[in-house]
Amino acid sequence: DGARGALRETMDLAVARAVAPLNVLCEYLVPYVKIGGYALRWKGPAVKDELAEGKKAAQLLGGKAEIRQAGVSELPFDTGSFDLVTAVETYYFWPDKLHDLMEIYRVLKSGGKLLLVFEMLKSRNDPDRWKAVEERLHIDAVSREGIHEMLLRVGYQNIRTHVKSGTTWLCAVAEKE
């Protein structure tokens, strides 16, 4: 378990999508974040109903809970604030992917890294694998080449991608100059 092992309290910023109520997301994210870091949760408009329980969970886990409503398009952090930004399964929902990658680039320190994780990887062998999900959620699956190109356009360097064998999981790591 990463939260109990080598990754515990090592991240400036951890990000999760709305796969659970806010208090549960706190339990997943807070152990990874170092003191003074941030745990961001991607939530929809119903987040207001979850704020009190989320704040209580963060405090129980030793986190100082400050709730800020913001989106990836306009991050409420100073330029050069973070060594690492992670985004797991959130990219599909970003409103303007190029702009939003630029916004993350802005908040990264020089030499800082962006880690993106995707399950919905397009494949030449099975191009329609995610079609029903894409249509239902109005999102697009990603390709290894497409993510690499987007990161290059923003100015990221040392871009590395890895596909987990036998799956459609893609991990991309890129560095700010």
Side-chain angles (χ1 to χ4, degrees), residues 1-3 7 11 13-29 32-33 38-51 54 68-77 82 84-108 112-176:
D1 178 25
L7 294 177
M11 297 183 186
L13 176 66
V15 181
R17 64 185 174 126
V19 294
L22 194 54
N23 60 326
V24 175
L25 290 176
C26 284
E27 292 178 39
Y28 286 130
L29 291 178
Y32 289 101
V33 179
Y38 299 91
L40 299 181
R41 297 107 178 148
W42 176 278
K43 296 296 289 182
V47 69
K48 291 176 184 165
D49 301 335
E50 301 176 20
L51 290 177
R68 296 185 192 179
Q69 239 177 317
V72 68
S73 298
E74 195 173 329
L75 295 169
F77 306 108
F82 300 105
L84 175 68
V85 174
T86 64
V88 178
E89 290 282 279
T90 61
Y91 179 87
Y92 317 109
F93 304 99
W94 296 358
D96 181 341
K97 291 166 181 58
L98 184 62
H99 172 271
D100 300 341
L101 285 169
M102 291 167 66
E103 180 63 359
I104 292 170
Y105 190 90
R106 180 188 68 78
V107 301
L108 280 171
K113 293 183 176 138
L114 168 62
L115 177 127
L116 298 169
V117 178
F118 309 90
E119 179 183 12
M120 292 177 47
L121 178 62
K122 287 183 184 175
S123 154
R124 289 185 194 110
N125 300 341
D126 190 4
D128 294 328
R129 177 182 183 134
W130 299 106
K131 188 173 182 172
V133 175
E134 290 174 306
E135 289 174 355
R136 192 163 113 223
L137 297 178
H138 307 288
I139 60 175
D140 294 313
V142 300
S143 71
R144 191 176 201 167
E145 299 78 17
I147 291 301
H148 192 272
E149 177 59 31
M150 287 288 276
L151 292 167
L152 275 177
R153 286 178 63 193
V154 172
Y156 288 95
Q157 298 181 354
N158 301 322
I159 301 165
R160 297 171 310 283
T161 59
H162 173 74
V163 177
K164 185 176 180 183
S165 180
T167 74
T168 60
W169 283 93
L170 170 70
C171 176
V173 179
E175 191 173 317
K176 179 176 179 178

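Of all heavy-atom pairs between Val107 and Leu75, the closest is CG2-CD1, 3.9 Å. When all heavy atoms are compared, the tightest approach of Arg153 to Leu98 is NH2-CD2, 3.3 Å.
Judged by distance alone, with hydrogens and angles left aside, the side-chain atoms of Lys176 form no donor-acceptor pair with the main-chain N or O of Gly112 at under 3.5 Å. Panel note: side chain Glu119, backbone Glu89; no donor-acceptor pair is recorded below 3.5 Å. With hydrogens and angles disregarded, a donor-acceptor distance shorter than 3.5 Å links the side chain of Thr167 to the backbone of Lys164. A donor-acceptor contact shorter than 3.5 Å is absent between the side chain of Tyr156 and the backbone of Leu114. Tyr91 places no side-chain N or O within 3.5 Å of a backbone atom of Val142 that could act as its donor or acceptor partner.
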### Task
Could you please spell out the steps behind the side-chain contact (heavy atoms from CB on, under 4.5 Å) verdict for Val72 and Phe93?
CA-CA 10 Å; Val72 68; Phe93 304 99; over 6 Å; no
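For the atom pair CD of Glu175 and CD1 of Ile159, the computed distance is 10.5 Å after rounding to the nearest 0.5 Å. A distance of 14.0 Å separates CH2 in Trp130 from CD in Glu135, rounded to the nearest 0.5 Å. Expressed to the nearest 0.5 Å, how far CG of Leu137 lies from OH of Tyr92 amounts to 11.0 Å. Atom CH2 of Trp94 and atom NE2 of His99 lie 12.0 Å apart (nearest 0.5 Å). Remark: Leu151 CG to Arg160 CZ distance equals 11.0 Å, nearest 0.5 Å. Atom NZ of Lys122 is separated from atom NZ of Lys131 by 11.5 Å, given to the nearest 0.5 angstrom.
Residues forming a side-chain hydrogen bond (donor to acceptor under 3.5 Å, both in side chains) with Thr161 (at least two apart in sequence, or on another chain): Arg144. Residues that satisfy the side-chain contact (heavy atoms from CB on, under 4.5 Å) test with Asp126, not counting sequence neighbours, are Ser123, Arg129.
Counting heavy atoms from C-beta on, the side chains of Ile104 and Val154 never come closer than 4.5 Å.
Sorted by first and then second residue, the pairs that involve residues 96-105 and meet salt bridge (charged side-chain N to carboxylate O under 4.0 Å, His left out), not counting sequence neighbours, are Glu103-Arg106.
Atom CD of Glu145 has more than 12 neighbouring heavy atoms from other residues, nucleotides or ligands inside a 6.0 Å radius.
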